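Here is the structure we will look at.
All chains are named by letter (A, B, ...) in the order of the sequence lines, taking the proteins before the strands, and each is independently numbered beginning at 1. None of these values were measured; they are calculated from a predicted model.
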Amino acid sequence: MGTKRQFRIWRGDDTGGDLQDYTVEVNEGEVVLDVIHRLQATETPDLACRWNCKAGKCGSCSMEINGKPRLSCMTRMSTFEEDETVTVTPLRTFPVIRDLVTDVSFNYEKARETPAFAPPADLAPGEYRMQQVDVERSQEFRKCIECFLCQNVCHVIRDHDENKQAFSGPRFFIRAAELDMHPLDAKTDRKEYAQAEQGLGFCNITKCCTEVCPEHIKITDNAIIPMKERVVDRRYDPLVWLGSKIFRRGQVPQTSVTSGHSSGAVRAGAAHGGVHSHAGGSHDAQAERQAQQGVNWHREVPHPTAPAVDASGKLPLTELTFDRAAAPSPFGDDVSFPLPPEHLNFAHPQQDEKH
Amino acid sequence: MTETRIERHHYDVVVIGAGGAGLRAAIEARLAGKKTAIISKSLFGKAHTVMAEGGAAAAMGNVNSRDSWQVHFRDTMRGGKFLNNFRMAELHAKESPQRIWELETYGALFDRTKDGKISQRNFGGHEYPRLAHVGDRTGLELIRTLQQKIVSLQQEDKRDLGDYEARIRVFSETTITELLLDGDRVAGAFGYYRESGEFVLFEAPAVVLATGGVGRSYKVTSNSWEYTGDGHALALRAGGTLINMEFLQFHPTGMVWPPSVKGILVTESVRGDGGVLKNSDGKRFMFDYVPDVFRKQYAETEEEADRWYEDPDNNRRPPELLPRDEVARAINSEVKAGRGTPAGGVYLDIASRKSAEEIRRRLPSMYHQFKELADVDITKEPMEVGPTCHYVMGGVEVDPDSGAAFGTVQGLFAAGEVSGGMHGSNRLGGNSLSDLLVFGKRAGGHAASYADGLAARPQVSVSAVEAAVETALAPLQRDTGESPYVLQQDLQAVMGDLVGIIRREGELVDAMSRLAELRERVAKVSAAGGRRYNPGWHLALDLRNMLVVSECTAKAALERQESRGGHTREDFPGMEPRWRQVNLVCKLDGDAVVLTHKPLPKMRAELIGLFDRAELSKYLTDEELAEFDALAKEAGN
Ligand SMILES: Cc1cc2nc3c(=O)[nH]c(=O)nc-3n(C[C@H](O)[C@H](O)[C@H](O)COP(=O)(O)OP(=O)(O)OC[C@H]3O[C@@H](n4cnc5c(N)ncnc54)[C@H](O)[C@@H]3O)c2cc1C
Ligand code: SF4
Ligand code: SF4
Ligand code: FES
């Protein structure tokens, strides 16, 4: 027969709640969801939790078990020590509805914003021909069961509600990648879309999402990184683009991928003054060395000195009101142009147009 | 009574259920220009359809060009032991390929053949490789594709009308508890949001039921909590009828060990890809269980069976690929004869037949599921499997062409597992997914044109809504009744033990009286807690649906004195041609289930002409055979 085990389960709703202790019988071969069902059938009939398939196929039963985002139907009790207390809490990134159930509508909104498959105009149903090797790349992403564990674990939104507006999250990066790699999708700007609208730039490849994915989808390696690289591949041609065109009037330079948006995803480097990708202004030999190696998404470069602004926080307008000859550089005094190409992590929005 | 807030919505077509059938119906209704709501008990994209593994059957002929709709039709009728509604089987066989190809235009990515077409795999009961598939997660692909198609329609509406939800809206985690009528016409649907416990009323002239099956009434089942027969019960209460309720499919190979994964299915493609069944003596026993009707198509020796995997045109298929009810029954006999595993199943062995690498490639999610859930490595050791309640063939009796429910009600449509007739007494693997698409589309389209054809909208009456509110709140307001979980367990025990895979008259009579007792206890059920996301309350409300549907099953099982497909009577082991002409139809009279006999529609001449006389002679009565001979003679002249 079973043994008694200790559980701590978060009970409450959007107004608050706390961890409550339970002692439950656990039998050989059981998973955490079985234990929750036993609690429902005995002590706590109103304990709220989502589940459907109990087979790791529907992605309903996501929760945090001992702090780790997991599918409760796929977490065997035998992975814990007999005397270990198992702590079960709701997904942290989404608002709690009750007990272990959270409001995951964020994900459905993002899904709705992601442009759908665009069927090729010249093929009738039944005429689609694709090779297995070509569909396999997208098929990997279509394995997704929408458990939203990756969304839950991604630090860009985990404790930063303010980023939710601009950031779709790993689940929808793989959706964009899937369509991008679909052999017959008629839309050609999936990557650009990911960059411009989904907030791909917030991601700094911590790989947490890949780690928690129960379908073992290589979210970062197979979707995010290729998308980032290919966005840049197409756009980044420093020999053509340097100097003359980058800062031409009216062309707002697109923020490059490491910099994030000004609203500020919190990144590993934030603690020491934030990172910045216009690498040209670096004073740091180490960062400069890194910059020499070309595009590097982990590169952390300190900000260049701030531009010289006046008391009102604005750039002085003319040399008449300024203490130096000529107007100041908006990029700071220590940056000279053109920037050395190897210092750039830059993607110009129009660079792949013919010129 | 305290005042209750009720949210109201107006739609042209309300689709209850967001599985394959519901989503396809909703797409069709929206394409017909109707304002459409989709309602689902769980989150969007989590319906039971995600669990389907094997594939979707459609005679595209991509792998074996000899396949055609006629062959598919024949297999379906054979599988259903000729009790199928022939017209549904015909439409299904003819239209499945288009429905699958259509999915590709929505973005689905099926596995491919070498020449780039949709690959098709073998499956029990299908003469040719016929199942379009994506590894072993075909259901997920199907539901995700339809879900994404709905998103794309919403994006169109956003572009044209400025609102994603202008013409199609998904109400997830919302349960419908009652259909509301105006006379005999459907006027709306009443339910609650699971999250908040708040009530919601949909006023709509046309409702499509796509609520799936009933498996939660059984102890060992592959079905989730959603499968409480809600659609079946809603139809009954609205004046609709159910047919074939005695036919339940027990999947032959559900996991029986370890306990936590009991009921989870091992896909049939394990057998299609070379897996064999062995008893505890290590004997490959299926050769002993080939029924006469199938002798011609199945191998008699292990050598021939093994050659078939390589050369299917010149060898007969292995008996492991018999229709699943035959396999389930064979396993049951082996276990009863004392040759089962310790946990009461048999061994399914693929480890000794294929390389580890090939198993992982062909059956990736099977491999992972076993590894992660049970720590069993299927590339190294055999699995322990046994019969599991899986699918209900019976369901709402519908018009084959339109999916409109029979009985007195109008404006009610049904598609998918909740509808009956298509699969007869037994469903072939893979036929469900294509059934969802074919009849989902039909039901959605016909619901839309029905709504168009109405001169005036039926009105929801206030008193009906008040009654629905009261019924819904009752379990929360009682505190003297039993826990819904206890009642559910008791119901499962009755159904599992007495109305299970092998049935006897005495047990069925016993079941009827126990169900009557349960009915009284269920009427007094009480649920603790409040209205917000309270699973105990939800179950309490589902119980009465499970109960009435179980009554239909038990009653029909007692009535049908023969064994056929998903209905096995120990006291009537043979198939009886006379019973093939009869459908058992259930309806409600007040609270009580009433059972009537109804003759099966007669197959058209050109369809019955597709079969061998020798084959038909096993199913038809002498009179029917004489008629067939006359037809054949006429055709010969
Ligand atoms: C493990 C498993 C494997 C299978 N494998 C295959 C296979 O390989 N090939 C095949 O063809 N078939 C297979 N099947 C069968 C097939 O998956 C199902 O028959 C089919 O998916 C049913 O689809 P549906 O659209 O009718 O309903 P479902 O997909 O079950 O959807 C029912 C919907 O109705 C909703 N609902 C129910 N009641 C209510 C209510 N009261 N109010 C509001 N909403 C409600 C639910 O929330 C859900 O959204 C398998 C089934 C299982 C369980
Ligand atoms: S790799 Fe990117 S998307 Fe994934 S968790 Fe890290 S920041 Fe988020
Ligand atoms: S990508 Fe993986 S972790 Fe993210 S939702 Fe899909 S299955 Fe879950
Ligand atoms: S219940 Fe479906 S993934 Fe856990």
Notebook entry, point to check: Checking B/Asp115 against chain A: side chain, backbone, both or neither under 4.5 Å from a heavy atom?
Noted result: backbone
Check: Do the non-hydrogen side-chain atoms of B/Arg532 and A/Asp14 ever get within less than 4.5 Å of each other?
Finding: yes
Item checked: Per-residue contact mode, B/Lys41 against chain A (heavy atom under 4.5 angstrom) -> neither
Next item on the list: Rounded to the nearest 0.5 Å, what's the gap from CZ on A/Phe117 to CG on B/Leu109? Could you check?
Entry: 7.5 Å
Next item on the list: Of all the heavy-atom pairs spanning A/Cys53 and B/Met51, show the shortest one and how long it is.
Entry: CB-SD, 3.6 Å
Checklist line | Under 4.5 Å from a heavy atom of chain A, the part of B/Thr145 involved | finding: both
Next item on the list: Check each atom of A/His37 against the heavy atoms of chain B and say whether the ones under 4.5 Å are side chain, backbone, both or neither.
Entry: neither
Check: Which residue, B/Leu140, B/Thr49, B/Val50, B/Leu43, forms the side chain to side chain contact (heavy atoms under 4.5 Å, CB included) with A/Cys58?
Finding: B/Val50
Next item on the list: Indicate the atoms forming the closest heavy-atom contact of A/Ile145 with B/Arg144, along with that distance.
Entry: C-NH2, 3.4 Å
Next item on the list: Please lay out, stage by stage, how B/Arg137 and A/Glu215 fare under the test side-chain contact (heavy atoms from CB on, under 4.5 Å).
Entry: CA-CA 12 Å; B/Arg137 53 164 191 87; A/Glu215 287 295 302; 5.5 Å; no
Notebook entry, point to check: Which heavy atom in A/Gln40 sits nearest to a heavy atom in B/Tyr485, and how many Å separate them?
Noted result: O-CE1, 3.3 Å
Notebook entry, point to check: For atom CZ of B/Arg531, is the number of surrounding heavy atoms from other residues, nucleotides or ligands below 6.0 Å larger than 12?
Noted result: yes
Next item on the list: Answer with side chain, backbone, both or neither: which region of B/Tyr227 has an atom nearer than 4.5 Å to a non-hydrogen atom of chain A?
Entry: neither
Next item on the list: Please say which of A/Lys143, A/Lys57, A/Arg142 ends up in a salt bridge (Lys or Arg N to Asp or Glu O under 4.0 Å) with B/Glu141.
Entry: A/Arg142
Check: Side chain, backbone, both or neither: which part of B/Gln154 has a non-hydrogen atom closer than 4.5 Å to chain A?
Finding: side chain
Next item on the list: Answer with side chain, backbone, both or neither: which region of B/Glu173 has an atom nearer than 4.5 Å to a non-hydrogen atom of chain A?
Entry: side chain
Item checked: NZ or CZ of B/Lys46 within 45° of A/Tyr108 ring axis and under 6.0 Å -> no
Checklist line | Contacting region of A/Ser105 [heavy-atom separation from chain B under 4.5 Å] | finding: neither
Item checked: Intermediate values then yes/no, salt bridge (Lys or Arg N to Asp or Glu O under 4.0 Å), B/Lys158 and A/Glu113 -> CA-CA 10 Å; B/Lys158 168 84 173 167; A/Glu113 287 164 9; over 6 Å; no
Next item on the list: Write down the atom of B/Tyr533, the atom of A/Val101, and the distance for their closest heavy-atom approach.
Entry: CE1-CG1, 3.6 Å
Notebook entry, point to check: Would you say the side chain of A/Met74 lies within less than 4.5 Å of the side chain of B/His368, judging by non-hydrogen atoms?
Noted result: no
Notebook entry, point to check: Looking at B/Ser152, B/Gly529, B/Pro535, B/Gly139, which makes the most heavy-atom pairs under 4.5 Å with chain A?
Noted result: B/Pro535
Next item on the list: Give, for atom CE of A/Met130 and atom NZ of B/Lys117, the distance between the pair rounded to the nearest 0.5 Å.
Entry: 13.5 Å
Check: Of the backbone (N, CA, C, O) and the side chain (C-beta and beyond), which part of B/Glu156 lies under 4.5 Å from a heavy atom of chain A, both, or neither?
Finding: neither
Next item on the list: Give a yes or no on whether a salt bridge exists between A/Arg129 and B/Glu104, defined as a side-chain N under 4.0 angstrom from a carboxylate O.
Entry: no
Notebook entry, point to check: Does A/Gln139 reach the side chain of B/Asp111, with side-chain heavy atoms less than 4.5 Å apart?
Noted result: yes
Next item on the list: Quick one: which of B/Pro97, B/Ser196, B/Gly116 has the most heavy-atom pairs under 4.5 Å with chain A, could you say?
Entry: B/Gly116
Margin query: With a 4.5 angstrom heavy-atom cut-off, is it the side chain or the backbone of B/Arg159 that approaches chain A, or both, or neither?
Written below: neither
Check: If every non-hydrogen atom of B/Asn534 is compared with every non-hydrogen atom of A/Pro45, which pair is closest and at what distance?
Finding: OD1-O, 4.1 Å
Next item on the list: Would you mind checking which part of A/Val133 comes under 4.5 Å of any heavy atom in chain B, side chain (CB onward), backbone (N, CA, C, O), both or neither?
Entry: neither
Note to self: Using the side-chain contact (heavy atoms from CB on, under 4.5 Å) criterion, which residues pair with A/Arg11? Sequence neighbours excluded.
What the structure shows: A/Ile9, A/Gln20, A/Tyr22, A/Thr44, A/Asp46, A/Leu47, A/Arg98, A/Asp99
